[in-house]
Amino acid sequence: MQENFSLKPYNTFGVDAKAKCFIEIHNIEELKDALNFSKEKSLSLLFLGGGSNILLTKDFDGLAIKLNLKGISEENLNNNEVLVTAKAGENWHEFVMFCLSKNYGGLENLSLIPGNVGTSPMQNIGAYGTEIKDVFVNCQVLNLENQTVETFDLEKCRFGYRDSIFKQEGKGKYIIMEVTFKLTKENHHIKTEYGAITSELQNLGIEKPTIQDVSQAVINIRQSKLPDPKQIGNAGSFFKNPTIPLAQFEALQQKFENIQGYPNGAMVKVPAGWLIEQCGWKGKQIGNVASHKLQSLVIINATGTATGKEIFDFSTEIINSVKEKFGIELEREVNII
């Protein structure tokens, strides 16, 4: 247990906020001990995974717990399907690479997403036509109230767009210990129709892509558009893509002919990055914070010295300007602490 501990290395924004107490745990027994300590001292809790989806706007007056649970196991179901279970502390991209090394398909479109396995179900991470829910079987969680282990299946997780029960009524009540996915071994479902995957495969001279080829294409695209958090502080996409009624979208089309949108029944998903860029934020810097020059959806700690409050205030200005111009209110994807 360490006191007055800097969390700068534990959040990808590189914000230098401090925790009153900090501990790193490696198994469920250590976790239960830490929980008992927090109850005894009446300390609030902050659980840290890869630190890629949080913004620390102030010092944390409680116990920060770094979840470092590690391990991967496999269970063959049949000739074509395998269950792969990863502990919460496994790095997400490294886990995807492990699966691809075994020729297990289903996660290739989710390559290079920052963070750890344990946080992947929380917001149903997704990219390029794939979401966690597509391959999710269940997750083992610890109930923080009574310290019992429970199993949440697909239905119980209630996945939505960048959403789950863990961000709604289950928020702060459970800690994900491990996640199980059902992946393919032979008859892979190759998804190349989203984003720039097809054109990137063409650039690579690949006509009949494997799951490994799709993964490499996704990695190339992400690296060309998104800054590496190790080089410049960021949390990836800061905002969700808003979904608006079709009638509202059609009204906006009358005013903004080139507005982008992806219909889904009576609703249309509008790219948040396009909205932000149209408001003049792409590459714009205020003080220590900026919108990335290649992807306006990404807010960066431009000088490396930004506080969480500065980043939060910058995001608020973006929200206000998009609301004023388009009548659409952006929602932050990043968890604000």
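- Under the 3.5 Å distance criterion, the side-chain polar atoms of N288 are left unmatched by any main-chain donor or acceptor of T303.
- Here the side chain of N109 pairs a donor or acceptor atom with the backbone of K191 at under 3.5 angstrom.
- A salt bridge is defined here as a Lys NZ or Arg NE, NH1 or NH2 lying under 4.0 Å from an Asp or Glu carboxylate O, and E150 with K173 fails to meet this definition.
- Evaluation of the side chain to side chain donor-acceptor pair (under 3.5 Å) test over residues 268-282, restricted to residues two or more places apart or in two chains, returns W281-S321.
- For the residue pair N36/Q147, the side-chain donor-acceptor check at 3.5 Å is satisfied.
- Partners of P114 by side-chain contact (heavy atoms from CB on, under 4.5 Å), not counting sequence neighbours, listed by chain and number: S52, R222.
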Practice item. In sequence, state the C-alpha distance, the side-chain angles, and the governing distance for E186 and N103, and then conclude on side-chain hydrogen bond (donor to acceptor under 3.5 Å, both in side chains). Key: CA-CA 8 Å; E186 295 177 352; N103 200 40; over 6 Å; no

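- No donor-acceptor pair closer than 3.5 Å links the side chain of N68 to the backbone N or O of G89.
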**Study point:** E317 vs K284, salt bridge (Lys or Arg N to Asp or Glu O under 4.0 Å): CA-CA, chis, key distance, verdict
**Key:** CA-CA 12 Å; E317 291 201 40; K284 184 175 181 178; over 6 Å; no

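- N11 places no side-chain N or O within 3.5 Å of a backbone atom of G51 that could act as its donor or acceptor partner.
- Checked for salt-bridge contact, K102 and E74 meet the test: a charged N lies under 4.0 Å from a carboxylate O.
- Side chain of E108 to main chain of G106: a donor-acceptor pair is present (N/O by atom type, distance under 3.5 Å, no hydrogens or angles).
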Review point. Given D313 and T316, is the side-chain hydrogen bond (donor to acceptor under 3.5 Å, both in side chains) satisfied, shown in steps?
Key: CA-CA 5 Å; D313 290 346; T316 300; 5.0 Å; no

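- Counting only distance, with no hydrogens or angles, the side chain of N301 and the backbone of V15 share no donor-acceptor pair below 3.5 Å.
- A donor-acceptor distance shorter than 3.5 angstrom exists from the side chain of S291 to the backbone of S296, with no hydrogens or angles considered.
- We find the CD1-CZ distance between I54 and F13 to be 10.0 Å, quoted to the nearest 0.5 Å.
- Between the side chain of R162 and the backbone N or O of G126, at least one donor-acceptor pair lies under 3.5 Å.
- Using a 4.5 Å cut-off on side-chain heavy atoms (C-beta onward), M97 and S111 make contact.
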